[in-house]
A.B. asks: 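Here it is: the structure, laid out below.
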2 protein chains.
Amino acid sequence: MPKPRWLSKDEEEVWFAYILFSRQLAAGMERQLAGSGVSGADYQMLAPLAEAGAAGMRPRDLGHSAGWDRSRLAHQLRRMEQRGLVTREQAEDDARGIVVHLTEAGRAALRAASPGHIEWVRENFLELITPAERRMLVELSERVMAKLEPESRPR
Amino acid sequence: MPKPRWLSKDEEEVWFAYILFSRQLAAGMERQLAGSGVSGADYQMLAPLAEAGAAGMRPRDLGHSAGWDRSRLAHQLRRMEQRGLVTREQAEDDARGIVVHLTEAGRAALRAASPGHIEWVRENFLELITPAERRMLVELSERVMAKLEPESRPR
DNA sequence: GGGCAATTGCTGATGTATCAACAACTTTGC
DNA sequence: GCAAAGTTGTTGATACATCAGCAATTGCCC
């Protein structure tokens, strides 16, 4: 740890614990999903698309729901289209836009991945934290994000 | 969200709140560091190397301190060597191994990035959580990681 | 001391994430 | 109507992360 006014022992403990925790939890989730043939990124596309049903979704709205910017979305959707999970069609009412639909394979991929994913979330997160901790986490998230928010919204 | 026994409202709230929170905090940290010309990955290499001083470090030990596998390390160190932040030399006592040293530019990069990074961590994390929350976070991290650990250690 | 397993580090392929720049279209304001 | 400004989506470059596989060396064990 470098020189200029580094963190105290206590501060360091919390920060390092949190960093390690958040990375390992994310990695664990990614690994579990990968076992079902989808990535976390895939899942974030598949889930809202399945809810949207036959109407499909505009990338813009997918972007809002996932908190992604347009570029990330375009790359992700291109890869998913190549794998046959989604289709992209010209939007009727806006010549700039497209509409994304799930294919049957996309729906199948989500059906295959969901139960295991949900089970994993319960087992490795929800069931390990007390109601008091749940409340704390929600409040904490709001507090921290309120401070971050200004610069952290996708453009 | 999909059909098979999805999460309850309460569960969903905690999980989504946590996911959003952890991603935005990580993104915010990354953005702050990027403003100083280093990435989070760079920082994780630079900080322990600075502590090691003239002795340098073996990639194996860097890997342990960062929790990375050998491959990720090799790629990262290659990029950092190309940018002139570190050097790689043959280890004296082990013909398989190498020793990584900070260059003067590497030390300068860390000096330039540290104060802002530490300040950011205080401002956007440490100062926003109460002592009780700190304790909870540390305990919660241990509990969750104890369950994850088996499969989540680098090979 | 000879063979075999483990350690150490690298590479190439693929997927993921961000940035800057662009093209096409729509909206707004006059 | 029309020019300026904003929206929507794409691309290419670069960095980051993971996986599988390789090569060299070391250490172990008989």
Side-chain angles (χ1 to χ4, degrees), chain A residues 22-24 26-35 37-45 56-64 66-83 85-100 151-155, chain B residues 22-24 26-35 37-45 56-64 66-83 85-100 151-155:
Chain A
S22 64
R23 287 187 183 153
Q24 294 205 359
M29 188 187 84
E30 209 63 52
R31 207 165 24 248
Q32 188 280 320
L33 277 173
V38 304
S39 68
D42 295 335
Y43 200 91
Q44 277 197 275
M45 299 292 95
M57 279 180 87
R58 295 285 295 268
R60 167 195 32 157
D61 300 322
L62 267 172
H64 292 153
W68 293 2
D69 70 358
R70 300 194 303 279
S71 169
R72 183 171 172 186
L73 213 38
H75 287 303
Q76 179 70 28
L77 291 175
R78 175 180 42 70
R79 287 189 301 262
M80 290 179 74
E81 188 177 33
Q82 280 167 2
R83 289 193 287 149
L85 300 176
V86 302
T87 59
R88 293 191 287 181
E89 299 161 25
Q90 190 50 57
E92 305 264 327
D93 55 336
D94 186 340
R96 296 168 298 188
I98 63 169
V99 183
V100 181
E151 330 92 54
S152 74
R153 268 181 234 121
R155 284 122 283 178
Chain B
S22 65
R23 287 188 181 153
Q24 294 205 359
M29 190 189 83
E30 208 63 50
R31 205 163 28 244
Q32 188 280 319
L33 277 174
V38 304
S39 68
D42 295 334
Y43 200 91
Q44 277 197 274
M45 299 291 96
M57 279 180 86
R58 296 284 296 268
R60 168 197 27 158
D61 300 322
L62 266 173
H64 293 154
W68 293 3
D69 69 358
R70 301 193 303 278
S71 170
R72 184 172 171 185
L73 213 37
H75 286 302
Q76 179 70 27
L77 291 175
R78 174 180 43 71
R79 287 189 300 261
M80 291 179 75
E81 188 177 33
Q82 281 167 2
R83 290 194 286 150
L85 299 176
V86 302
T87 59
R88 292 190 287 181
E89 298 161 27
Q90 189 50 56
E92 305 265 327
D93 54 336
D94 186 340
R96 294 168 299 187
I98 64 169
V99 182
V100 182
E151 331 92 54
S152 74
R153 267 180 237 123
R155 284 122 283 181

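In what follows, chains are A, B, ... by sequence order, proteins preceding strands, each numbered from 1. Heavy atoms only: backbone and side chains are in, while hydrogens, waters and symmetry mates are out. Everything numeric here is computed off the predicted structure, so don't read it as measured data.
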A.B. asks: Hey, does A/R88 reach any base, or is it just sugar-phosphate, or nothing, if we go heavy atoms under 4.0 Å?
C.D. replies: sugar-phosphate
A.B. asks: Starting at CD of B/E89 and ending at C1' of C/dC10, how long is that distance when rounded to a whole Å?
C.D. replies: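 Spelled out: CD on B/E89 to C1' on C/dC10 is 18 Å.
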A.B. asks: Going by number, which of residues 73-81 of chain B have a non-hydrogen atom under 4.0 Å from DNA chain C?
C.D. replies: B/A74, B/H75
A.B. asks: N/O contacts under 3.5 Å, protein versus nucleotides 26-29 of chain D?
C.D. replies:
| unit_1 | atom_1 | unit_2 | atom_2 | d |
| --- | --- | --- | --- | --- |
| D/dT26 | OP1 | B/A95 | N | 3.1 |

A.B. asks: Test your reading of the model: is there a side-chain donor-acceptor pair from B/E89 to the backbone of B/I98, 3.5 Å cut-off?
C.D. replies: no
A.B. asks: Whole-Å distance between C/dT18 P and A/W68 CH2?
C.D. replies: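 Rounded to the whole Å, the gap is 9 Å.
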A.B. asks: Could you give the CG-to-P distance, from B/L85 to D/dA15, as a whole number of Å?
C.D. replies: 12 Å
A.B. asks: Is the closest side-chain heavy-atom distance between B/V99 and B/R58 below 4.5 Å?
C.D. replies: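 SC-SC contact between B/V99 and B/R58 confirmed.
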A.B. asks: If you find the nucleotide of DNA chain C closest to A/G40 and the one closest to B/H64, which residue's nucleotide is nearer the 5' end?
C.D. replies: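 Between the two, 5'-proximity favours B/H64.
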A.B. asks: Calculate, to the nearest 0.5 Å, the distance between atoms CE and CZ belonging to A/M80 and A/R88 respectively.
C.D. replies: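 Between atom CE of A/M80 and atom CZ of A/R88 there are 11.0 Å.
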A.B. asks: Are side-chain N/O atoms of B/R78 and B/H75 paired as donor and acceptor at under 3.5 Å?
C.D. replies: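 B/H75 and B/R78 do have a side-chain donor-acceptor pair below 3.5 Å.
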A.B. asks: Whether the side chain of B/Q90 engages the backbone of B/A95 through a donor-acceptor N/O pair (distance < 3.5 Å, no angle test) should be reported.
C.D. replies: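 Side chain of B/Q90 to backbone of B/A95, a donor-acceptor pair under 3.5 Å: yes, one is there.
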A.B. asks: I want to verify a distance call: between C/dT8, D/dT10, C/dG12, whose nearest atom is closest to the B/R70 side chain?
C.D. replies: C/dT8
A.B. asks: For A/R83, enumerate each residue passing the salt bridge (charged side-chain N to carboxylate O under 4.0 Å, His left out) test, keeping only those at least two apart in sequence or located in another chain.
C.D. replies: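 With sequence neighbours excluded, A/R83 shows a salt bridge (charged side-chain N to carboxylate O under 4.0 Å, His left out) to A/D42, given in chain and number order.
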A.B. asks: Rounded off to whole Å, could you give me the CG-to-P distance for the B/D69 and D/dC16 pair?
C.D. replies: 15 Å
A.B. asks: Tell me: CZ of A/R83 to C1' of C/dT14, nearest whole Å?
C.D. replies: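 It is 11 Å, rounded to the nearest whole Å.
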A.B. asks: Specify the closest pair of heavy atoms between A/G40 and A/E30, including all atoms of both residues, with the distance to one decimal.
C.D. replies: N-OE2, 2.6 Å
A.B. asks: Round to the nearest Å and state the distance from A/R23 atom CZ to D/dT18 atom P.
C.D. replies: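 These atoms are roughly 10 Å apart.
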A.B. asks: Without hydrogens or angle criteria, can the side chains of A/Q82 and A/R79 be said to hold a donor-acceptor pair below 3.5 Å?
C.D. replies: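 Looking only at side-chain atoms, A/R79 and A/Q82 do not form any donor-acceptor pair under 3.5 Å.
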A.B. asks: If you check the B/D42 side chain, which of C/dG9, D/dC16, C/dT16 turns out closest?
C.D. replies: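 So the side chain of B/D42 is nearest to D/dC16.
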A.B. asks: Between the base of D/dT10 and the side chain of A/S71, is there a donor-acceptor distance below 3.5 Å?
C.D. replies: no
A.B. asks: In whole Å, what is the span from the CE atom of A/M29 to the C1' atom of D/dA17?
C.D. replies: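 About 15 Å, once rounded to whole Å.
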A.B. asks: To the nearest angstrom, how far is B/R72 atom CZ from C/dG15 atom P?
C.D. replies: 19 Å
A.B. asks: Can you tell which of A/V100, A/V86, A/L85, A/L62 makes a side chain to side chain contact (heavy atoms under 4.5 Å, CB included) with A/M45?
C.D. replies: A/L62
